[in-house]
Amino acid sequence: MHVRLTRHLAATAMVATALAALSACGNPESATPPADKASVAGVTVEKDQALHDALPESIKKSGTVRVATDVPYPPFEMFVKEGESKLTGLDYDLGQALGAKLGVTFAFTPQKFDGIVPAIQAGKFDAAMSAITDNKERQQVVDFVDYSQSGSGILVADKNPAGIATLDDLCGQKVAVQTATNQLDLLKSHQAACAKAGKGKIDIQTFPKDSDAQLALRSGKVVAQVLTKPAAGWVAKTADDGSTFDLVEDAQAPGGYNASPNGIAVTKELPELTDAIQKALQALIDDGTVTKIFDKYGVASIAVKEATKNAAVD
């Protein structure tokens, strides 16, 4: 399980560098002719002819949006079965819904994460869906349609026996976290707030692996684990069929603590594609499809209510 708060990649404007950085990690999934509707997360998504007509001519002609993704990174992108190429995950499902709404196929291809933006610049892909943090540096070379806010979350034992509701409730408690992560930095920086509130310091228990931290939570050695909120939600939903852990939902931090926007990266060569994706995403937000997709992966709270463009907060 990845525990990075953001997914880091270097952005470069040099096409020569982009070409050198290309890394072919797999072949596109088998392309199928676009259908006028598709079933995603139990929802039937139908083609919007006006949105289809607004697509760039090259996309309408090919019927395909070429999408890069770095697999695995649960719950955003995963293989259905280890050793096989079929994909699943939040980004994949959202891509299928967007494709159905636009009347084209979103064809996903595995690509090493640090090669994604260079590959878009080099024309290998039209877009990328890979839990990419929208920031101003990347905006210099790609445009973003933002679909989630992702930060740190709190995982607790089933039924939350310690009654943890906010980050402040971790003061004076034993809390697990993986070493060398943004989540460790978050806990350290919160010690001042604990002291100001007259509470004890957080007893931070560090572990080399995320799974080790979860084992400590399972055994009752800590009252909570801090990790990325998407990962926390996925673990709560899937570990022992959802019977072992719960995700803390803080109304003041719906996307998680220190949340930043994640976006669909789109080539600057096709501004009409960015606009069409933004409008299609908003339509899927408005009709509830996005909520159902995110809820399928245990992270409905990180979905945005408005499909913004280039909404970086840095």
Side-chain angles (χ1 to χ4, degrees), residues 1-4 7-9 18-19 21-45 58-59 62-132 142 147-148 210-211 228 230-231 233-235 237-239 262-267 273 277 280 284 289-290 292-294 296-299:
M1 183 71 69
H2 296 250
V3 293
R4 294 168 292 172
R7 304 193 72 178
H8 301 283
L9 56 88
L19 287 167
L22 286 178
S23 174
C25 293
N27 297 316
E29 59 182 10
S30 299
T32 55
D36 287 341
K37 61 183 178 180
S39 179
V40 183
V43 180
T44 299
V45 182
S58 60
I59 299 296
S62 68
T64 301
V65 176
R66 299 167 300 163
V67 183
T69 192
D70 179 30
V71 193
Y73 190 74
F76 289 96
E77 30 271 333
M78 301 171 279
F79 292 110
V80 172
K81 190 175 182 180
E82 193 69 29
E84 296 184 2
S85 61
K86 189 174 181 181
L87 301 178
T88 186
L90 191 157
D91 280 339
Y92 181 78
D93 281 2
L94 182 58
Q96 302 318 296
L98 288 168
K101 180 63 70 175
L102 292 168
V104 294
T105 297
F106 271 47
F108 281 63
T109 300
Q111 169 75 42
K112 287 183 180 178
F113 194 79
D114 59 2
I116 284 177
V117 165
I120 292 175
Q121 289 179 266
K124 184 178 179 183
F125 297 104
D126 306 306
M129 297 182 70
S130 201
I132 303 173
V142 293
Y147 62 97
S148 72
D210 182 56
S211 56
T228 63
W234 179 244
V235 170
K237 189 175 184 71
T238 59
N262 294 323
I264 301 166
V266 186
T267 174
L273 178 59
I277 289 175
L284 295 172
T289 301
V290 162
K292 290 184 178 180
I293 292 172
F294 278 65
K296 175 181 174 181
Y297 295 96
V299 288

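Computed over heavy atoms, backbone and side chain alike; hydrogens, waters and symmetry mates excluded. Quick caveat, the model's predicted, so the values are computed rather than measured. Numbering of residues begins at 1 and proceeds along the displayed sequence.
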Chemist: Side chains of Ser130 and Asp70: do they bring a donor and an acceptor to under 3.5 Å?
Modeler: no

Chemist: Indicate yes or no for a side-chain donor-acceptor contact from Thr105 to the backbone of Ala107 under 3.5 Å, with no hydrogens or angles considered.
Modeler: no

Chemist: Roughly how far, to the nearest 0.5 Å, is CG of Leu94 from CG of Leu284?
Modeler: 7.0 Å

Chemist: Would you check if Asp91 and Tyr73 make a side-chain contact, meaning some heavy-atom pair closer than 4.5 Å?
Modeler: no

Chemist: A side-chain contact here means heavy atoms from C-beta on lying under 4.5 Å apart; do Val67 and Tyr92 qualify?
Modeler: no

Chemist: Tell me, with the steps shown, if Phe125 and Thr109 meet side chain to side chain contact (heavy atoms under 4.5 Å, CB included).
Modeler: CA-CA 9 Å; Phe125 297 104; Thr109 300; 3.6 Å; yes

Chemist: Taking the side chain as every heavy atom from C-beta outward, state whether Val71 and Phe79 have any pair of such atoms under 4.5 Å apart.
Modeler: yes

Chemist: Once you round to the nearest 0.5 Å, how far does CG of Leu102 lie from CD1 of Ile59?
Modeler: 10.0 Å

Chemist: What's the separation between atom CD1 in Ile116 and atom CD1 in Ile132, rounded to the nearest 0.5 Å?
Modeler: 4.5 Å

Chemist: With a 4.5 Å heavy-atom cut-off, do Phe294 and Leu90 have their side chains touching?
Modeler: yes

Chemist: Between Tyr297 and Gly89, what is the shortest heavy-atom contact and its length?
Modeler: OH-N, 3.2 Å

Chemist: Work out which heavy atom in Ala131 is nearest to a heavy atom in Asn262; give both atom names and the distance.
Modeler: O-OD1, 3.9 Å

Chemist: Near Lys292 NZ, under 6.0 Å, is it more than 12 heavy atoms from other residues, nucleotides or ligands?
Modeler: no

Chemist: Closest heavy-atom contact between Arg66 and Lys124?
Modeler: NH1-O, 3.1 Å

Chemist: I need the minimum non-hydrogen distance between Ala231 and Pro75, along with the two atoms involved.
Modeler: N-CD, 4.3 Å

Chemist: Should Glu77 and Phe108 count as side-chain neighbours, where that means a heavy-atom distance under 4.5 Å?
Modeler: no

Chemist: Apply side chain to side chain contact (heavy atoms under 4.5 Å, CB included) to residues Phe106 and Ile277 and explain how you reach the verdict.
Modeler: CA-CA 11 Å; Phe106 271 47; Ile277 289 175; 4.2 Å; yes

Chemist: Show the nearest heavy-atom pair for residues Met129 and Thr69, with the distance to one decimal.
Modeler: O-OG1, 2.9 Å

Chemist: Check whether any side-chain N or O of Thr88 sits under 3.5 Å from a backbone N or O of Val80 as a donor-acceptor pair, and report yes or no.
Modeler: no

Chemist: Which heavy-atom pair separates Thr289 from Ala97 by the least distance, and what is that distance?
Modeler: CG2-CB, 4.5 Å

